[in-house]
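The structure presented is a predicted model; accordingly, all values stated were derived computationally and were not measured.
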There are 4 protein chains.
Amino acid sequence: MPRVGMEPIRRKALIEAAIETIGARGNLDVTMSQIARSAGVSPALAHHYFGGKNQLFLATMRHLLSDFAEGVREALRTSDAPRARISGIIRQSFGPDQFVPATVAAWLAFYVLAQSDPQARRLLGIYGRRLNSNLVDALVRIAPRAAALRIAEGIAALIDGLYIRRALKHGPPDPASAIALVENYVDTELAALEGRQ
Amino acid sequence: MPRVGMEPIRRKALIEAAIETIGARGNLDVTMSQIARSAGVSPALAHHYFGGKNQLFLATMRHLLSDFAEGVREALRTSDAPRARISGIIRQSFGPDQFVPATVAAWLAFYVLAQSDPQARRLLGIYGRRLNSNLVDALVRIAPRAAALRIAEGIAALIDGLYIRRALKHGPPDPASAIALVENYVDTELAALEGRQ
Amino acid sequence: MPRVGMEPIRRKALIEAAIETIGARGNLDVTMSQIARSAGVSPALAHHYFGGKNQLFLATMRHLLSDFAEGVREALRTSDAPRARISGIIRQSFGPDQFVPATVAAWLAFYVLAQSDPQARRLLGIYGRRLNSNLVDALVRIAPRAAALRIAEGIAALIDGLYIRRALKHGPPDPASAIALVENYVDTELAALEGRQ
Amino acid sequence: MPRVGMEPIRRKALIEAAIETIGARGNLDVTMSQIARSAGVSPALAHHYFGGKNQLFLATMRHLLSDFAEGVREALRTSDAPRARISGIIRQSFGPDQFVPATVAAWLAFYVLAQSDPQARRLLGIYGRRLNSNLVDALVRIAPRAAALRIAEGIAALIDGLYIRRALKHGPPDPASAIALVENYVDTELAALEGRQ
DNA sequence: AATGAATGAGCCTTCATTCAT
DNA sequence: AATGAATGAAGGCTCATTCAT
């Protein structure tokens, strides 16, 4: 017996099913049927609500992205100190919400999708630039601009690299050690700058 | 015009065509027909020589891997000094052979494949462990064991992270800046260790 | 024009189309497309409902087998007299339902399939054993056990042999002469036993 | 180093390989490559000598058929007594040469081929008619024509039926019991005729 | 709101066959 | 005499997508 107002419920369920299914398989070679089954609905319904497979993927990416962005925003709200803000971003990147295996695998899959799908690339680009500007904004307050740009890129590359390794179940399985490695990177780089001054 | 002794020629051509095709598309969603056409042969021939799509992929990975390993081996041969050996590995990781866009994209695609294909994972695992032990072997000669392990992981993560970003055409398009960033990481980490002593 | 409740209708149509197509060709070298076309649906639908070619074949065998078994059961219900029961089985073996050219050819094709497909063999084994036990059960009531076993085997071999010849359009095209030949065999064998007593 | 006069050697080897391969698989779904490999030559050579797969099959049938005919001819040569000649034919049908599993399976496969291939059917027709006339010729000397025809058909059907069962590995695995069953059939039928006279 | 029914398009794979050597 | 090289054709199967209910 269909009830009104089911749309948001179904959409959310399908997006979560998509993450789960993609995560379990490790790539985007999942079928609409699998996702729909995992969400407990018919494939036709997934279609009805999203208009197509690609659009479901895009919506799923948007979900992941806005989830992450929301987390970062919250982390930044807690402190205005540059170094603390950087830590907030790092902590958020490896937070429980983001570092769930299925989510990590889905992220990696979307990284790949971005290579062939312009919309996915745009989405990822926005996220990348926002993350970068958050990092740079904080870093320029405690380091010369050139160094800030470099360190920001290093942080982002480290996060991505550790993510990949996590997705492949290599490296430390715990977020703590990932966070420590990046934090150490930041500390060492900043300390080196001060030493030179 | 069938001539004898074509097998090695065809195998090589098909592997190169696979890299090219995967690189152009950015993922493994390429058809045997596309690869075969790019190699100038019929799809049936690709099957004949490799036995199937997956085996062609695996052979292509092996090619990439052994190419890289050969480069590293050569780089290590030039010097016995620990720091120089590390630089050799980094330089090789971003060398002209490895940092070609198509090759980078193929690597990323294989990273993803490794999540669902046990053989691919095994292959990648061997490479990862070998790379790690090369790095650690050099680092332990100039740093405490714990630090050596951490820095080795940092280097590997940075390389992977910069690779991803390259594959997505983000970040520095030139190998030089990628190398500089990793080299700087090593220098800073090592310097910090000395300062602490 | 999709209407609900089509599944049983389609399954039946496809099974009948399979018999028809196999019968027309005389072997199992028929394509799913041919069968599907003959059933008036797309090949994809045949896969959807049966999961694959082999499973469609198996379902078709099961259909043939259960059809036959049902006929035998009915034939046995009409009489409890041993000799009459044997006649019932023979009559059923060459009855209008079973002796249709296409059906006969399909049977022969499945006999062959049974040599390479374990499931088909199992299916045929069940049928063979049931037929044999029905014959033996009746025969032991009017003949010594050893003779009963022999005659049962003779009947079965005659039925199969006449079937083959029918499939090849040799021998009598009419069921009547086939039935007469087998009946005569039974009569003569039983008479011989009595004469010897 | 190719030698002259290889043709008959290769042809024989390929035909035997064909019987072996078909027998092992239980049907005609064998590839030229499999047959050629089993004969120790290249697929191209099989082609060269026979002109095609179908023609190789036909040649194999002819081989089987003439082998059998030769055996029958020899069996008939030993005696002129009608009953003995019938026994000779039966014995030959289940003789060591003919009752080898692979050969039996190949026969069955060719029975099926005869349904779709006119040439195969013609070949089988000739054999069938010759066998029948041999049987009838002997039987008319000891039984009324109508009975002779009937018994001849019964013998042929029994042979075919027991063959099929042998091919499916049902029934007695030993030729002796098959022969006994058919012999018994002949004896009983003939005795019945005498009794009636 | 939701789904069963249905299909077109496409891909991997197999194989008989041909050809130059 | 013999074979490696190569392909065209075809079949099984999957899947996103559409449609009527």
Side-chain angles (χ1 to χ4, degrees), chain A residues 1-7 9-10 29-36 39-57, chain B residues 1-7 9-10 29-36 39-56, chain C residues 1-7 9-10 29-36 40-56, chain D residues 1-7 9-10 29-36 40-57:
Chain A
M1 292 98 208
R3 273 176 284 154
V4 289
M6 290 302 282
E7 173 149 2
I9 296 173
R10 295 301 190 199
D29 288 343
V30 295
T31 70
M32 284 294 261
S33 294
Q34 289 165 353
I35 297 173
V41 300
S42 74
L45 195 68
H47 237 271
H48 177 63
Y49 278 131
F50 288 93
K53 192 189 190 180
N54 221 49
Q55 282 158 286
L56 170 53
F57 280 171
Chain B
M1 313 99 204
R3 254 179 274 176
V4 289
M6 294 302 282
E7 173 151 1
I9 298 172
R10 295 303 189 201
D29 288 342
V30 295
T31 71
M32 283 296 259
S33 295
Q34 289 165 355
I35 296 174
V41 299
S42 73
L45 197 69
H47 272 95
H48 178 64
Y49 281 129
F50 287 94
K53 193 189 193 181
N54 221 51
Q55 280 160 285
L56 170 54
Chain C
M1 313 99 201
R3 254 179 275 172
V4 289
M6 294 302 283
E7 174 151 1
I9 298 172
R10 294 303 189 200
D29 288 343
V30 295
T31 71
M32 283 296 260
S33 295
Q34 289 164 355
I35 297 174
V41 299
S42 73
L45 196 68
H47 273 96
H48 177 65
Y49 280 130
F50 288 94
K53 194 189 192 180
N54 221 52
Q55 281 161 284
L56 170 53
Chain D
M1 290 103 209
R3 275 176 283 156
V4 288
M6 291 301 282
E7 173 150 0
I9 298 173
R10 296 299 191 202
D29 288 343
V30 295
T31 71
M32 285 294 260
S33 294
Q34 288 165 354
I35 297 173
V41 300
S42 73
L45 196 68
H47 238 270
H48 177 63
Y49 278 131
F50 289 94
K53 191 187 190 181
N54 220 50
Q55 282 157 286
L56 169 53
F57 281 171

From C-beta outward on [X], which listed nucleotide comes closest to its side chain: [options]?
X: D:Leu45; options: F:dA2, F:dT18, E:dC15; result: F:dA2
X: C:His47; options: E:dA16, F:dC13, E:dT7; result: F:dC13
X: D:Arg10; options: F:dA5, F:dA2, E:dA6; result: F:dA2
X: C:Met32; options: F:dG12, E:dG4, E:dA1; result: F:dG12
X: C:Ala44; options: E:dG8, E:dA2, E:dA6; result: E:dG8
X: B:Met6; options: E:dA5, E:dA2, F:dA5; result: F:dA5
X: C:Lys53; options: F:dT7, F:dC13, E:dT7; result: F:dC13

| query | Is the side chain of B:Lys53 donor-acceptor paired with the backbone N or O of B:Val30 at a distance under 3.5 Å, no angle test? | reply |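 Confirmed, B:Lys53 side chain pairs with B:Val30 backbone.
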| Any-strand Watson-Crick or G-U partner of E:dA20, both distances under 3.5 Å |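 E:dA20 is paired, partner F:dT3.
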| field | Assigned partner base of F:dC15, Watson-Crick or wobble definition, under 3.5 Å | value |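 Because both required distances fall under 3.5 Å, F:dC15 counts as paired with E:dG8.
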| query | How would you label the contact of A:Thr31 with the nucleic acid (heavy atoms, under 4.0 Å): base, sugar-phosphate, or nothing? | reply |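 Sugar-phosphate, backbone atoms only, no base.
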| Base, sugar-phosphate, or nothing for A:Phe50, non-hydrogen atoms under 4.0 angstrom? |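 If one applies the 4.0 Å heavy-atom cut-off, A:Phe50 turns out to touch nothing in the nucleic acid.
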| More 5' along DNA chain E: A:His48 or D:Asp29, using each one's nearest nucleotide? |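 Closer to the 5' end of DNA chain E: A:His48.
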| field | Comparing C:Val41 and D:Ser33 on DNA chain E - which has the more 5′ nearest nucleotide | value |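 Its nearest nucleotide being more 5', the pick is C:Val41.
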| task | Please step through side chain to side chain contact (heavy atoms under 4.5 Å, CB included) for the pair D:Ile35 and D:Phe50, ending with a clear verdict. | result | CA-CA 13 Å; D:Ile35 297 173; D:Phe50 289 94; over 6 Å; no
| query | What is the distance from OH of D:Tyr49 to P of E:dA16, rounded to the nearest Å? | reply |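 That distance rounds to 20 Å.
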| Separation of A:Thr31 OG1 from A:Gln34 CD (nearest 0.5 Å) |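 A:Gln34 CD to A:Thr31 OG1: 3.5 Å, rounded to 0.5 Å.
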| said: As a quick check of understanding, evaluate side chain to side chain contact (heavy atoms under 4.5 Å, CB included) for D:Met32 and D:Leu56, giving each step before the final call. | reply: CA-CA 9 Å; D:Met32 285 294 260; D:Leu56 169 53; 4.0 Å; yes
